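Here's the structure, in structure tokens; my notes come after.
Because the structure is a prediction, the values reported are computed rather than measured. Below, chain A is the first sequence line, B the second, and so on; all start at residue 1.
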Amino acid sequence: MAGALRSAVASISRCCHKSVAFLSRFNQHSLLQNSLSVDSRLMLPSLLHTTSPQHGLMEFFDIKKNWGEENVKSGRPWRMDELRIKNNSDLHKLWYVLLKERNMLFTMQHEYEKQSELLPNPERIEKVEESMENIMTVIKERDEAFNLLETGKTGDPGGRYVKNYLGLRQYKRNTEHLIPHYMNKFYFLLYPKNVSKRTEKYIALYKEEQRVERRRQQRSERMMRKRLIQKFPHLQDKL
Amino acid sequence: MRLTVVTFNYLKKYAQREIAKATGVSVYKPFQGRWRDVRKKRWYYDENRPWTDAAKAANAPMKRQHHRLLEPISNEDWSIFKGDRVEILTGTDKGKMGIVSCVIKERNWVFVEGLNCKYKWVNKSATSPGAMVKTEKPLSITTEVALVDPSDGKGSEVQWRFTEEGDKVRVSVRTGRIIPMSRVAEDETEDMVSRSGYIEQDCDTKEKELQKVTFKPILSTFDEDILKQLDIKDDRKRVQKYWY
């Protein structure tokens with residue numbers, strides 16, 4: 001068992017860590033090569049370094065050339081259509097590449113803040129986050145397609161409306177538990193079978209508050225529309 | 001043909017994040033033992049982009065701005081872009097034609113290069129009058145500016161229509177002539193970066209590699225596929241889980 005675990009860890013490390021052997025073995029893979037692109041410049045740190053393949057903890061920091069720079073150039077995020085044509089293994093590797101880039105950016109941001117300076121080009125964080133979100137969406141699509149084919153269901157645990165301890169109805173996502181609900185004390189504290197009658201008065205007041213707020217918003221929208229039509233009469237039919 | 005569909009949202013998220021950072025501070029109240037949020041609810045857009053220092057200074061917490069009424073124009077109806085030739089309809093430069101240098105959708109503004117300017121003297125001193133600086137004033141696209149029709153060289157109203165091939169194009173209502181997009185607008189990406197000015201960076205992916213199709217549909221979930229490829233065998237007996 002221990003042997004199996006060790007081999008599993010080794011195989012994962014092969015996937016994530018930078019090593020020359022790993023690169024030569026997966027050289028065909030697009031993600032690992034230095035690239036040129038006219039139309040599509042992508043957010044992807046290079047895995048091929050000429051100085052030394054393993055940086056250790058220094059991978060948490062940007063390349064020394066960019067330290068103190070005012071502008072650091074970067075590409076655009078990965079689009080969903082570009083991710084959909086890649087296989088699972090490529091997406092898996094890309095995820096970790098992006099994760100490391102994200103860690104690097106946050107480390108640099110923290111360091112710059114310590115020096116009372118601003119991180120150059122902070123939109124890089126948003127670019128990486130968008131690429132990662134897109135990967136999750138693509139993986140979700142593939143899993144859902146497989147589940148629908150095999151089981152007829154998407155595999156999404158779903159959710160339902162429940163009455164919580166305040167007596168208010170809320171949408172609760174179905175979560176994983178080790179014990180069934182009739183044995184779960186904590187679950188019954190949050191969502192009791194019978195809510196006490198004392199809460200009815202407060203629920204009515206809360207609903208009134210929500211109604212008043214909704215009416216206030218509708219009124220403000222109506223007044224805004226009126227003011228717009230007053231200033232721009234040609235919008236009378238459009239609004 | 002210009003893509004009206006936005007393919008990525010990172011710039012919008014980045015702007016929202018910068019606005020959220022700049023709209024206020026949280027002040028700690030000693031003795032009360034709580035934090036008090038001093039935050040502005042409304043962000044006023046001006047000629048500076050929201051992530052710039054000038055925009056943040058204009059939206060400082062205690063600074064008051066009067067409410068501005070803006071005609072709502074959807075992304076699909078937006079017809080004036082950077083690099084277009086427009087005719088100015090009002091003001092001192094009425095009747096003149098110029099090229100759009102900047103577009104600010106949040107205010108329905110357009111800046112025309114060299115026209116509709118304001119003049120200001122800077123570095124004045126007791127001995128010298130200083131230097132005069134010329135800066136463009138914004139123009140409203142609904143009332144003060146009109147797109148120039150190339151066939152007769154005059155400003156006209158513009159509509160978005162579809163060609164026989166299915167492309168969405170701007171058509172002058174008066175003459176029916178198609179007004180093509182400027183080269184500058186085609187060259188610019190959604191995040192205001194020039195496509196032709198691209199310089200290869202170490203971290204970028206090649207276009208060839210980007211377009212390479214490695215996906216093969218397989219009957220397996222993502223997790224199972226990765227486990228199989230990494231030779232990880234998970235024979236552990238699964239405990240029954242309850243979902244509620």
Side-chain angles (χ1 to χ4, degrees), chain A residues 4 7-8 11-12 14-15 29-31 33-46 73-77 79 82 84-92 122-123 125-127 129-130 139 142-143 146-147 149-150 157 174-181 187 227-228 231-232 235 239, chain B residues 7-18 51 67 69-72 142-143 189-191 193 195-196 198-235 239-244:
Chain A
S7 68
S11 58
I12 292 166
R14 239 184 283 136
C15 171
H29 281 261
S30 53
L31 310 163
Q33 288 173 1
N34 275 338
S35 334
L36 237 181
S37 177
V38 179
D39 260 330
S40 36
R41 304 159 293 151
L42 290 159
M43 193 69 217
L44 195 64
S46 169
K73 295 216 168 114
S74 59
R76 61 163 175 76
R79 291 188 186 135
E82 289 156 1
R84 283 188 185 115
I85 57 170
K86 302 286 176 215
N87 62 22
N88 290 335
S89 172
D90 280 350
L91 291 180
H92 188 62
E123 73 271 5
I125 297 170
E126 259 78 30
K127 285 185 194 175
E129 282 178 359
E130 191 172 332
I139 291 168
R142 290 186 188 172
D143 281 351
F146 172 75
N147 285 325
L149 195 71
E150 295 288 298
N174 288 337
T175 44
E176 213 174 358
H177 300 266
L178 282 169
I179 47 171
H181 66 94
Y187 178 79
R227 284 173 71 189
L228 278 170
K231 191 167 184 197
F232 309 110
L235 291 175
L239 286 177
Chain B
T7 44
F8 45 77
N9 294 313
Y10 88 86
L11 201 73
K12 210 177 178 185
K13 272 195 207 163
Y14 168 58
Q16 293 298 328
R17 185 161 72 98
E18 292 287 310
W51 49 82
H67 183 58
L69 265 181
L70 206 71
E71 187 184 332
T142 46
T143 52
T189 60
E190 284 152 33
D191 45 351
V193 179
R195 262 184 256 262
S196 60
Y198 168 70
I199 300 166
E200 176 206 331
Q201 298 294 318
D202 290 336
C203 301
D204 296 342
T205 313
K206 267 194 189 122
E207 187 160 357
K208 197 177 78 176
E209 302 299 341
L210 177 74
Q211 289 167 356
K212 200 173 183 180
V213 178
T214 53
F215 173 65
K216 270 190 194 148
I218 38 157
L219 261 180
S220 152
T221 57
F222 176 81
D223 299 337
E224 285 169 10
D225 187 31
I226 298 292
L227 288 172
K228 194 176 169 187
Q229 286 185 22
L230 296 174
D231 298 323
I232 299 170
K233 286 197 182 80
D234 196 359
D235 300 327
V239 147
Q240 192 195 359
K241 296 276 180 71
Y242 302 88
W243 289 83
Y244 52 82

If you compare all heavy atoms of [X] against all heavy atoms of [Y], which two are closest, and at what distance to 0.1 Å?
X       : Y      : answer
F232(A) : L69(B) : CZ-O, 4.2 Å
L210(B) : I85(A) : O-CD1, 3.5 Å
Q229(B) : S89(A) : OE1-CB, 2.9 Å

Mutual orientation of the aromatic rings belonging to Y244(B) and H177(A) [parallel < 30°, tilted 30-60°, perpendicular > 60°]: parallel

Examine whether an atom of [X] lies under 4.5 Å from a heavy atom of chain A, and if so say whether it belongs to the side chain, the backbone or both; otherwise answer neither.
X       : value
V213(B) : both
L11(B)  : neither
E71(B)  : both
E18(B)  : side chain
L219(B) : both

Heavy-atom distances under 4.5 Å only: say whether [X] touches chain B with side chain, backbone, both or neither.
X       : value
L178(A) : both
E150(A) : side chain
R142(A) : side chain

Within-4.5 Å side-chain heavy-atom neighbours: F222(B) and H92(A):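 Yes. Closest side-chain heavy atoms under 4.5 Å.
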
Close side-chain approach of Y198(B) and D204(B), heavy atoms under 4.5 Å: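 In short, these two side chains touch, coming nearer than 4.5 Å.
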
Largest heavy-atom contact set with chain B, pairs under 4.5 Å, which of N174(A), T175(A), D143(A):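 Top count of heavy-atom pairs under 4.5 Å with chain B: T175(A).
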
Choice from L239(A), I179(A), L235(A) maximising heavy atom contacts with chain B below 4.5 Å: I179(A)

Electrostatic pair E130(A)-K13(B), nearest N-O below 4.0 angstrom: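 Looking at K13(B) together with E130(A), the answer is no, because their closest N to O distance does not fall below 4.0 Å.
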
R76(A)/E82(A) salt bridge by N-O under 4.0 Å criterion: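 Here E82(A) pairs with R76(A) in a salt bridge, since their nearest N and O are under 4.0 Å apart.
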
Top contributor to chain A interface from L70(B), D223(B), V239(B) [non-hydrogen pairs under 4.5 Å]: L70(B)

Most contacts with chain A, counted as non-hydrogen pairs under 4.5 angstrom, among A15(B), S196(B), P217(B), S220(B): S220(B)

